[in-house]
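Let me begin by presenting the structure, written as structure tokens, before commenting on it.
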Amino acid sequence: MSEVSLLLRAPSANRVYAQAAGALSRSEAHWVLGAHLGAVPSLRDREVGGMAGLEVRGATGGPRSEALLAMLSGTLGVLDVQQEDPQDPDRPLLRPRPLPAVLRHPSDLETTLRYTGKTNEQFTALLVNLAAALSARRAGILDGTLDLLDPLCGRGTTLNRALRLGLSPVGAEIDRKDVEAYRAFLGTWLRTHRYKHTLETTRLTVHGEQLGSRTEAELAPDKQTLRAGGGQRLTLLGCDATRLGEVLPGGSVDALVGDLPYGVQHGSRAGGAWQRSPLEVLREAAPGWRSLLRDGAGVALAVNRRTLDHAEASAVLADAGLRVLSADGAFRHRVDQSIDRDILLAVPFDHPRAEELAALGADQEDPIP
Ligand SMILES: C[S@@+](CC[C@H](N)C(=O)[O-])C[C@H]1O[C@@H](n2cnc3c(N)ncnc32)[C@H](O)[C@@H]1O
């Protein structure tokens with residue numbers, strides 16, 4: 001196997017996302033491969049035979065690096081760059097490389113639901129990969145043991161991705177319509193695909209106060225696994241994300257992934273009042289979120305730069321004990337006129353690899369202007 005891999009980029013159904021996909025997948029590979037493998041491979045865009053790709057030097061060989069290459073959000077396939085002809089550098093000898101299967105369950109789990117405000121699936125996969133990579137328990141994304149929370153889960157795009165990775169995720173959503181729509185979808189999907197499963201909704205009550213609803217699901221390929229409690233679980237909390245610190249056990253989350261309300265299509269709700277800016281949600285929710293995180297956890301939050309300033313958000317997160325590692329604009333891409341999206345990567349101040357991970361941020365190519 002050669003030291004050089006060419007990742008063929010999956011086409012994006014979303015035209016606007018497709019324009020940003022090259023820069024985003026380079027940044028994703030920088031952080032994900034760098035954090036998992038402890039050394040940043042050399043990366044460059046490379047077009048071969050009209051196909052857009054990302055050339056990766058120095059991250060091949062072991063089963064872990066193969067699984068990581070397969071898992072990156074934009075990977076369609078991987079080619080081994082076997083031989084470079086200095087006389088003809090545009091026509092390298094390429095060999096398809098079989099990829100390990102890193103996803104379970106049919107892909108329609110991620111793609112069936114369509115609605116205004118859905119975070120696109122490829123971008124969601126990227127957020128999950130980034131938050132997981134920052135976690136001290138990052139290997140858990142490959143063996144199903146990573147504990148993932150999306151406190152703003154909408155109709156479950158992140159939860160569905162996590163299920164496909166073999167995880168047992170937790171999500172929270174304040175909007176009852178979204179909670180009901182996702183619960184109904186999941187029930188139908190599980191029945192249609194003939195999974196052995198349980199799905200139960202109860203009231204969510206804390207110290208006698210009713211905060212909303214709690215849906216617990218467990219799914220397994222067969223009855224025995226389900227009976228033995230060996231299936232994958234999913235917890236969907238219909239409640240305010242600012243109350244999660246009271247609902248979930250402290251120190252139980254490895255990766256927190258959230259697409260913050262943009263302050264445009266979605267309202268954002270904090271303290272019972274609908275606000276335009278997501279900053280208040282972040283201010284109220286972040287201390288509770290921090291209490292749920294393990295010290296070695298990773299956080300990836302998608303934000304709209306037009307309604308959430310990087311410096312302000314970083315200060316709010318710092319007050320809650322979280323250190324932002326990514327520079328302003330590190331994952332910048334425009335969704336439309338009112339949404340200029342970016343990602344904040346953060347870890348608890350006590351994270352054992354905080355300095356090493358911060359160096360990845362410092363090493364990243366210049367922010368996208
Ligand atoms: C950008 S959307 C996330 C969409 C989600 N990733 C999906 O694909 O369905 C932000 C979500 O945060 C929810 N939200 C806003 N304020 C909230 C709060 N205080 N607690 C819980 N959810 C909240 C909104 O209702 C919305 O569904």
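Order of listing sets the numbers, starting from 1, for every ligand and every atom in it. The figures that follow rest on heavy atoms only: side chains count, while hydrogens, waters and symmetry mates do not. Only a predicted model underlies this, so the values are computations on that prediction, with no experimental measurement involved.
- Interface of Thr157 with ligand 1, defined as ligand atoms under 4.0 Å from a residue heavy atom, comprises 7 (C), 8 (O), 9 (O).
- Taking a 4.0 Å cut-off on heavy atoms, Tyr115 registers as neighbouring ligand 1.
- Once rounded to the nearest 0.5 Å, the distance linking CH2 of Trp189 with NE2 of His197 reads 10.5 Å.
- For the residues Leu113, Thr119, Asn304, the heavy atom positioned nearest atom 6 (N) of ligand 1 is part of Thr119.
- Numbered from 1 in the order shown, with element, the atoms of ligand 1 that lie under 4.0 Å from a heavy atom of Gly117 read 4 (C).
- Atoms of ligand 1 lying under 4.0 Å from any heavy atom of Leu260, numbered from 1 in the order shown and given with element: 1 (C).
- Under 4.0 Å from ligand 1, not a single heavy atom of Ala285 appears.
- A salt bridge does not link Asp319 to Arg283: none of the charged side-chain nitrogens sits closer than 4.0 Å to a carboxylate oxygen.
- When every heavy atom of Pro41 is checked against every heavy atom of Leu33, the shortest pair comes out as CG-CD1, 3.7 Å.
- In summary, the atoms of ligand 1 found under 4.0 Å from a heavy atom of Cys153, numbered by their order in the structure, are 5 (C), 7 (C), 9 (O).
- Ion pairing between Arg334 and Asp342 fails under the 4.0 Å rule for side-chain N and carboxylate O.
- Considering backbone and side-chain N/O atoms, Glu173 comes within less than 3.5 Å of an N/O atom of ligand 1.
- With distances taken over non-hydrogen atoms, the option nearest atom 20 (N) of ligand 1 out of Pro151, Pro261, Ala241, Gly258 is Ala241.
- The residues Arg164 and Glu121 are annotated as not salt-bridged, no charged nitrogen and carboxylate oxygen being separated by less than 4.0 angstrom.
- Within the 4.0 Å heavy-atom criterion, neither part of Ala302 lies near ligand 1.
- Not a single N or O atom of Asp150, backbone or side chain, sits closer than 3.5 Å to an N or O atom of ligand 1.
- In this structure, the side chains of Leu301 and Leu256 come closer than 4.5 Å at one or more pairs of heavy atoms.
- The closest side-chain heavy-atom distance from Leu219 to His193 is not below 4.5 Å.
- Short contacts between ligand 1 and Asp178, defined as distances under 4.0 Å to a heavy atom of the residue, involve ligand atoms 27 (O).
- Around atom 22 (N) of ligand 1, the closest heavy atom drawn from Asp240, Ile174, Thr124, Asn120 belongs to Ile174.
- When Ile339, Leu127, Leu237, Asp259 are checked for heavy-atom proximity to atom 1 (C) of ligand 1, Asp259 turns out nearest.
- Taking 4.0 Å as the cut-off between side-chain N and carboxylate O, Asp340 and Arg305 count as a salt-bridged pair.
- With salt bridges taken as basic N to acidic carboxylate O contacts below 4.0 Å, none links Arg233 and Glu216.
- A salt bridge links Asp178 with Arg155: the distance from a Lys NZ or Arg NE/NH1/NH2 to an Asp or Glu carboxylate oxygen falls below 4.0 Å.
- Not a single heavy atom of Pro278 lies less than 4.0 angstrom from ligand 1.
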